[in-house]
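Counting starts at 1 for both ligands and their atoms, following the listed order.
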Amino acid sequence: MQLEIIGNIESVKNSTNHLLIKTPEATARIWVYSDSVIRVNVSKAFDETDPSFAVIQSPAGQLDYSETTDEIVITTSLLKLRINKSPLRLNFYTADDKELSKDDERFGINWQGERVINYRKLYADEKFIGLGEKTGNLDKRGSSFTNWNTDAALHDTKSDPLYKTFPFFIGIHSGLTYGLFFDNTHKSYFDFGATTDEQMSWFDADGGDMNYYFFGSQSVAKIIEDYTWLTGRMEMPPLWSLGYQQCRWSYMSAAEVLDIAQRFCKEKIPADVMYCDIDYMHGFKIFTWNKETFPNPKAFIAKLKAMNFRLVIIVDPGIKIEDGYKQYDEGVDKDYFAKYPNGENYTADVWPGRCHFPDFFRDDVREWWGAAFTALTEPGVEGFWNDMNEPAAWGQNMPWLVKFGDKFMPEVRNAYGMQMARATYEGTRKILGDKRPFILTRAAYAGTQRYSAVWTGDNSAYDEHMLMGQRMVSSLGITGMSFVGVDIGGFTGDPTPELMARWNSLGVFTPMFRNHAMQGTIMREPWQWGKKNMAIIKKDIELRYRLLPYIYSGFYQSHKTGIPLSRTLAIDHTHDENVYDVKYHNQFLFGDSVLVAPVESTQLTAEVYLPSGNWYRLSSGEKYAGGQVYNVDTPLTDLPVFIKAGAIIPMQNIVQSTNEKGDGILELNVWYGSEVCSFVYYEDDGTSYDYENGDYNKREITFNPAKRTVTFSEAEGSFKSKFSHIQLLLHGFEDLPGTKRKVEKRYQHKNINSLFKIDF
Ligand code: MIG
């Protein structure tokens with residue numbers, strides 16, 4: 001095998017929307033997508049028609065460049081790309097000439113066979129965050145990773161690769177930030193100074209182009225905004241999917257599912273969602289029901305709905321080979337399955353036995369698949385859970401020569417799950433008409449946030465796994481996935497009652513709040529853990545429901561800007577070293593102003609780091625000055641949760657389900673801060689797409705300590721809020737001289753949508 005280096009630039013041409021640069025080895029193309037986003041493609045065989053699964057934008061920036069004998073310089077208002085000519089090297093700077101990221105001077109871009117590699121300069125203080133669902137530390141410096149979507153059952157806190165591929169990272173050094181998205185679906189590798197004696201970082205793929213997007217904004221939040229501008233943002237989720245979700249592999253019959261739902265009602269534990277795992281099917285055949293155990297799906301789901309529950313059911317990709325089975329017959333007939341090059345359908349063993357696998361890369365196959373969901377929507381299912389879509393089969397390995405569309409498996413495997421989720425989303429959205437479907441997928445590629453929520457697969461019931469899971473949730477947030485969950489309690493193994501309770505406390509602050517467990521484990525529902533623990537679990541679930549107005553507004557932020565609900569502290573406190581310290585790297589902000597410090601189940605005190613600003617402990621109201629480490633009590637009843645000074649947090653009364661109306665009082669909690677703060681409150685009907693046509697209620701709520709006011713801007717949008725009253729709760733106002741001790745007021749707000757000012 002030869003090392004092919006990129007060589008020197010021979011020609012430069014302005015080719016309508018990009019710069020075309022030739023070396024003897026390859027062609028480089030540069031597009032300006034925006035002032036802060038530049039795309040680089042270096043290729044030996046560029047294919048213009050090759051679609052990106054991730055990117056939904058086209059280059060919209062101005063291509064301004066100048067050329068000297070030594071270099072070409074592309075300039076935007078925020079970025080400067082200096083391209084060295086001999087040899088070709090790509091070096092990024094801020095507009096004011098601060099060095100952001102450079103090719104390694106010696107090696108730059110090169111090839112070994114089909115493998116394409118980019119070696120880059122590693123800065124002494126450089127940190128790396130991102131790559132989505134990965135084990136290890138928040139700061140990925142000194143680690144290396146592989147992207148190859150894998151059914152990682154029994155993975156531990158060091159395993160790699162896992163289920164998903166997000167080849168996007170953010171580099172932080174010298175007080176600067178940049179992002180890099182390597183849009184290539186081949187098996188890919190990232191090495192952040194793990195094996196190079198601190199000399200360089202590098203990333204590569206088994207094939208395809210050196211095709212990346214460089215982000216030059218000087219804030220992590222802005223880079224995430226740019227990345228999700230490029231790859232898309234989530235829709236508003238159905239409100240019910242933000243409630244508590246109870247799952248198990250499997251509740252074996254309709255009667256059992258109904259029993260569990262009934263028990264939630266009886267215990268008055270709020271909940272919204274029940275799941276059916278694979279055993280609801282007949283012989284694991286997708287789009288069928290087991291006639292003995294689920295004899296009347298429609299009546300079953302109607303009963304669930306009467307108890308204010310929705311049903312989510314699992315849908316795997318493998319289609320059982322069996323004559324007379326509709327999906328099999330149609331798939332064979334129409335040639336919808338992945339194939340060997342000789343035209344035979346690829347066959348592998350998974351739950352149903354021998355299976356074929358739909359080729360989700362084809363439009364016609366996605367449409368066919370999407371339409372088949374009527375078998376599930378007709379009896380009333382509104383949530384669809386795509387599992388095993390790495391794709392997984394017993395033995396894991398799929399022969400290299402299996403074809404999807406006109407591509408071999410190695411080229412597109414990492415996008416298979418995403419295309420399945422896409423088919424599921426597009427199909428069910430169409431069938432459900434105005435109702436939002438809830439889609440959950442295990443395998444994913446960059447951009448999946450447009451179609452689906454994700455969960456982190458088969459975790460395990462021990463403390464370290466719980467803590468690592470939180471890092472994964474926050475890391476997925478960096479890569480555009482806001483709607484993320486983990487199996488609360490741990491999929492594999494049995495948690496202790498303490499771990500179950502603690503994990504559930506953390507689940508309150510996890511974007512998707514789902515309890516799930518493996519076949520053969522002890523039952524996991526809240527009442528399985530003794531009276532004392534059930535009380536803790538119930539109280540926490542109630543807190544989740546109280547927080548829903550805040551959480552829903554947080555999802556609106558993700559929908560609009562891409563900023564995730566679960567935020568590593570590296571987003572708001574990027575250049576604070578403590579944030580990356582392994583002692584504190586599990587901590588995160590849930591929305592704008594709730595700081596959560598995950599702790600182990602048996603830990604009764606913990607060191608937490610509160611970054612700059614002032615903070616109040618949610619449970620006690622105690623005040624803490626930021627920029628310091630504190631030792632705090634962490635009994636099982638009280639996960640350390642802190643509220644940022646100046647926070648505005650809308651809450652509601654406890655309801656048993658998101659389907660309940662509640663008492664109509666929006667409880668507005670304000671924690672004292674010395675500066676003006678604001679919060680964007682968002683509400684809509686929670687189920688339809690009417691918000692896309694302006695049927696929502698959005699208000700900016702501003703707290704002004706100097707003027708002693710809380711102001712609601714006039715409501716934007718046509719939706720009538722379900723709240724008719726506002727109740728103001730002031731916390732920590734002892735610090736504001738002259739504040740009357742009365743810290744709670746209720747206002748009947750006659751014209752709820754108009755400008756509204758509360759003086760205190
Ligand atoms: O081979 O459907 O990650 O959540 O319960 C295991 C059964 C298949 C793996 C999923 C898990 C699910 C299980 N599935």
Practice problem: Specify side chain, backbone, both or neither for Tyr163, according to which of its non-hydrogen atoms lie closer than 4.0 Å to ligand 1. | Solution: neither

Self-check item: Per-atom contacts of ligand 1 with Trp455, taking only distances under 4.0 Å to non-hydrogen atoms
Solution: 3 (O), 4 (O), 10 (C)

Quiz item: N/O of Arg442 under 3.5 Å from N/O of ligand 1, yes or no?
Solution: yes

Self-check item: Over 12 non-hydrogen atoms of neighbours within 6.0 angstrom of CD in Glu464
Solution: no

Quiz prompt | Residue pair Glu133 / Tyr163, side-chain donor-acceptor N/O under 3.5 Å | solution = no

Self-check item: Pair Asn414-Thr185, side-chain donor/acceptor within less than 3.5 Å
Solution: no

Quiz item: Does Phe284 come within less than 4.0 angstrom of ligand 1, counting non-hydrogen atoms of the residue?
Solution: no

Self-check item: Per-residue contact class, Met518 against ligand 1 - non-hydrogen pairs under 4.0 Å
Solution: neither

Self-check item: Part of Met388 within contact of ligand 1 (heavy atoms, under 4.0 Å)
Solution: side chain

Quiz item: Considering only heavy atoms of Asp458, which atoms of ligand 1 have at least one such atom less than 4.0 Å away?
Solution: 3 (O), 4 (O), 9 (C), 10 (C), 11 (C)

Quiz item: Short question: side chain of His155, backbone of Asp458 - any donor-acceptor pair under 3.5 Å?
Solution: yes

Quiz item: Can Asn147 and Lys134 be counted as having a side-chain donor-acceptor contact under 3.5 angstrom?
Solution: yes

Practice problem: Could you check if a side-chain atom of Thr456 sits within less than 4.5 angstrom of a side-chain atom of Leu162, using non-hydrogen atoms only? | Solution: no

Quiz item: Quick one: do the Glu256 and Thr293 side chains pair a donor with an acceptor below 3.5 Å?
Solution: no

Self-check item: Contact atoms of ligand 1, heavy-atom distance to Phe491 under 4.0 Å
Solution: 4 (O), 5 (O), 11 (C)

Quiz prompt | Exercise: do Gln449 and Thr231 side chains pair donor with acceptor under 3.5 Å | solution = yes

Quiz item: Against heavy atoms of Trp351, which atoms of ligand 1 measure under 4.0 Å?
Solution: 1 (O), 6 (C), 8 (C)

Quiz item: If hydrogens are left out, which of Asp277, Thr456, Val350, Asp387 has an atom nearest to atom 10 (C) of ligand 1, that is, the closest non-hydrogen atom?
Solution: Asp387

Quiz item: Going by the atom numbers of ligand 1, which of them fall below 4.0 Å from some non-hydrogen atom of His516?
Solution: 4 (O), 5 (O), 11 (C), 12 (C)

Self-check item: Mode of Asp316 contact toward ligand 1 - side chain, backbone, both, neither (heavy atoms, under 4.0 Å)
Solution: neither

Practice problem: Below 4.0 angstrom from a heavy atom of Ile314, which ligand 1 atoms are there? Numbered from 1 as shown, please. | Solution: 2 (O)

Quiz item: Going by distance alone, is a donor N or O of one side chain under 3.5 Å from an acceptor N or O of the other, for Thr441 and Asn389?
Solution: yes

